[in-house]
Chemist: 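Below you will find the structure I want to go over with you.
For ligands, and for the atoms within them, numbers begin at 1 and follow the listed sequence. The residues of the chain are indexed from 1 along the displayed sequence.
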Amino acid sequence: MPRILLLGGTYEASLAARALADAGLEAVFSYAGRTEAPAPQPLPMRVGGFGGVAGLVDYLQREGMTHVIDATHPFAAQMSRKAYAACAARGLPLLSLQRAPWVAGEGDDWKHVDDIGGAVAALPSAPARVFLAIGKQNLAPFAALHQHHFLLRLVDAPAARPMPNCSVVIAKGPFDVAGDMALMQEHGISHIIAKNAGGQGASAKLVAARALRLPVIMIARPDAPLRDTVETTGAMMAWLAHHDALRGV
Ligand code: NAP
């Protein structure tokens, strides 16, 4: 009997969960457990790491998984690499469900950098007010830049102040352009740093930056293993059909 492990933590993963549930497929939704109140899903859920590749191989075997869908965030590179290795070890078909990266359009002022270090280096030496829209990880390299002030937008309130030179806003996407423009104006933002996540839920800040003529430092996605990749749940269902996962549904 086909049984699918869906690796989540994104809006796309929630859409995928809905599509799998609606199709009556047997599947488990997996969260890393990074946020305090993960969104409920219409599938059985598990929370927490698997314990590396070996732990995931064990889990796949124990749970009788036949297919894996990696719908993690494009910057969750470790999970994607481990899923790739575990599926190779178990001989299971693996699909990446991932939104396309954002592309700069007319009126955008984007500077492309390869990684967090590149984003640190791309900031001006003069004091700036930076909307650091990268979540709660990787803040340390910015904390050392005392001349700048950082606006952080986080899902959960931090237990301690994440860095000395910051303001924190607690909010969960999707966000809208008017709200993001107001936020940037209120905080006198001069630069935006973003991860190239793609998708609709977090793109409002880029439209707002364009409207306010603010420069964006755009961090490129980390390298991912070469695997089957789709952008929509419709294409995901077609892939599942092609890989014999709709048997008996
Ligand atoms: P990561 O660095 O790629 O993964 C670190 C470890 O977390 C993995 O090795 C795995 O632990 C565990 N893990 C990650 N995703 C998991 C999942 N869906 N189910 C079970 N275990 C998982 O991941 P990350 O960048 O910290 O992201 C963590 C989660 O937040 C992901 O689910 C991702 O989709 C979501 N997220 C990430 C970002 C981002 O910018 N990175 C943004 C929005 C949402 P073991 O080795 O023990 O199995």
Chemist: Clusters formed by hydrophobic residues whose side-chain heavy atoms approach within less than 4.5 Å: which one holds Met181, and what are its other members?
Modeler: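 Under the 4.5 Å side-chain rule, Met181 groups with Trp102, Trp110, Phe131, Leu151, Val169, Val177, Leu183, Met184, Ile189, Ile192, Leu206, Val207, Leu212, Leu214, Val216, Met218.
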Chemist: What donor-acceptor contacts under 3.5 angstrom involve side-chain atoms of residues 121-129, with partners at least two apart or in another chain?
Modeler:
{"residue": "Arg129", "atom": "NE", "partner": "His187", "partner atom": "O", "Å": "2.7"}
{"residue": "Arg129", "atom": "NH2", "partner": "His187", "partner atom": "O", "Å": "3.2"}

Chemist: Drop me the distance from Thr232's OG1 to Leu97's CG, to the nearest 0.5 angstrom.
Modeler: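 Nearest 0.5 Å value for the OG1-CG distance: 7.5 Å.
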Chemist: Could you please provide the protein residues found below 4.0 Å of ligand 1 on a heavy-atom basis, arranged by chain and number?
Modeler: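 Ligand 1 pocket, heavy atoms under 4.0 Å: Gly8, Gly9, Thr10, Ser30, Tyr31, Ala32, Arg34, Arg46, Gly48, Gly49, Phe50, Gly51, Gly52, Thr72, His73, Phe75, Ala76, Ala77, Gln78, Met79, Lys82, Gln137, Lys195.
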Chemist: How far does CZ of Arg210 sit from NZ of Lys205, to the nearest 0.5 angstrom?
Modeler: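 Going from CZ on Arg210 over to NZ on Lys205, the span is 13.0 Å.
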Chemist: Using a 4.5 Å cut-off between side-chain heavy atoms of Ile, Leu, Val, Met, Phe, Trp and Tyr, which other residues end up in the same hydrophobic cluster as Leu15?
Modeler: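 Hydrophobic cluster check, Leu15: joined to Tyr11.
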Chemist: In terms of ring plane angle, is the pair His73 and Phe75 parallel, tilted or perpendicular, where the classes change at 30° and 60°?
Modeler: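 Plane angle between 30° and 60°, so tilted.
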